[in-house]
Number of protein chains: 2
Amino acid sequence: MDADLDTTDLEILRILQIDATLTNKEIAFKLRKSIATIHDRIRKLKERGYIKKVVAILDRQKINKSLIAFSQVLLKEHTADALNEFEREVAKFNEVMECFQMTGAFDFILRIATSDMESYHLFLRNKLAILPNISTVQSFFVLSETKSDTAYPL
Amino acid sequence: MDADLDTTDLEILRILQIDATLTNKEIAFKLRKSIATIHDRIRKLKERGYIKKVVAILDRQKINKSLIAFSQVLLKEHTADALNEFEREVAKFNEVMECFQMTGAFDFILRIATSDMESYHLFLRNKLAILPNISTVQSFFVLSETKSDTAYPL
DNA sequence: TTTGAAAACTCTCGCGC
DNA sequence: GCGCGAGAGTTTTCAAA
């Protein structure tokens, strides 16, 4: 945190992390501030980079992405070039929603969204597994979603 | 998908998954439709549940949640009661952003956001590990974020 | 689906604390 | 520096066709 956030800023961020469709008027009412103040705070929060983006979250069952996999990838080589190339290639696959380099027994964890096991299989065989530097891929599948937030605790 | 989405609906969803601050006017211009049509489509997409919510995504470095852990949890017992109780308790922890029941060698995967290793340690020792039915917890930490999308491929 | 008009909201500016 | 009110400018909303 470069310049600290005061209580109002934190309240605004808490609110917008849950529901960014609220109007400035509604937020102003909740926080007992004027509309202009809320407007100004939010503008500054965006300017300073606290708010990266505002996005719609879809119902993945409805849009036919029922299968979520977490895939743990181990590479053969760990040179800077090899890591960069893997990251670059993997980011291109639209099935890959997230890719993290990790500590521990494997190198990367990928969150992959497909419609069903057949599609996942095709993705694995035809896209992921043919990258040059892959050693092993272990796939785990989501059975049920207990909690699914994009909001950070504040 | 109950009733199918046409090209316009899909385009709108693609756009809103990336940036939900665009006005109806801007979307209408991109898709060469009238503003009222876009307005109507979005209203229906919300009504029908395709769009679950609209949220602000924050910069986790800036808000001091620099450490993301994926924690794989194994329970001792797998009775319906034991699973429900674990899910209920874990959902209460604000450090836990996501909790999924999984196939494979462990029962749950948790995405945990804390400020640093010390905070994670405290969370693990004082909150997660004292739940009654926990057998093992294996923690993996994010070293770097290569791709981090909330958008599903459409 | 579109048009058009009314209502609601956003955003800026200047003032005051 | 921060917050507020008022007005102009946009956007949303909801008829009717």
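Since this is a predicted model, take the numbers as computed values, not measurements.
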[X] bridged to [Y] by N-O distance under 4.0 Å:
X     : Y     : answer
B:E47 : B:K44 : no
A:R48 : B:D59 : no
B:K53 : A:D19 : no
B:R88 : B:E85 : no

Residue pair A:E26/B:K44 against DNA chain C: nearer the 5' end by closest nucleotide is B:K44
Starting at [atom1] of [X] and ending at [atom2] of [N], how long is that distance when rounded to a whole Å?
X     : N      : atom1 : atom2 : value
B:I35 : D:dT13 : CD1   : C1'   : 12 Å
A:K25 : D:dC4  : NZ    : P     : 16 Å
B:D6  : C:dT1  : CG    : C1'   : 12 Å
A:K46 : C:dT10 : NZ    : P     : 10 Å
A:K33 : C:dC17 : NZ    : C1'   : 13 Å
B:D40 : C:dT3  : CG    : C1'   : 14 Å
B:I27 : C:dT1  : CD1   : C1'   : 17 Å
B:I42 : D:dT13 : CD1   : C1'   : 13 Å

Base, sugar-phosphate or nothing for B:R41? Non-hydrogen atoms, less than 4.0 Å.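 Contact class for B:R41: sugar-phosphate only.
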Where along residues 7-24 of chain A does a heavy atom fall under 4.0 Å from DNA chain D? none
Applying a strict under-4.5 Å side-chain criterion to I, L, V, M, F, W and Y, I'd like to know whether A:I57 and A:V142 cluster together.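 No.
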As a quick check of understanding, evaluate ring pair (Phe, Tyr, Trp, His ring centres under 6.0 Å) for A:F100 and B:F70, giving each step before the final call. CA-CA 10 Å; A:F100 300 109; B:F70 284 93; 5.6 Å; yes
Nearest of C:dT12, D:dC4, D:dT12 to any side-chain atom of A:R43? C:dT12
From D:dC4, C:dT10, C:dT1, pick the nucleotide closest to the side chain of A:A36?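 Closest of the options to the side chain of A:A36: D:dC4.
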Respond yes when some side-chain nitrogen or oxygen of A:H39 is under 4.0 Å from OP1 or OP2 of C:dC11, and no when none is. yes
Do any side-chain nitrogens or oxygens of A:S34 fall under 4.0 Å of OP1 or OP2 in D:dG3?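 Checking D:dG3 against A:S34, no side-chain N or O comes under 4.0 Å of OP1 or OP2.
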With clusters built from Ile, Leu, Val, Met, Phe, Trp and Tyr whose side-chain heavy atoms come within less than 4.5 Å, directly or transitively, what are the remaining members of the cluster of B:V96, listed by chain and number?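 Once heavy-atom contacts under 4.5 Å are chained together, B:V96 belongs with B:L67, B:V73, B:L75, B:L83, B:F86, B:V90, B:F93, B:F108, B:L110, B:I112, B:M117, B:Y120, B:F123, B:L124, B:L128, B:L131, B:I134, B:V137, B:F141.
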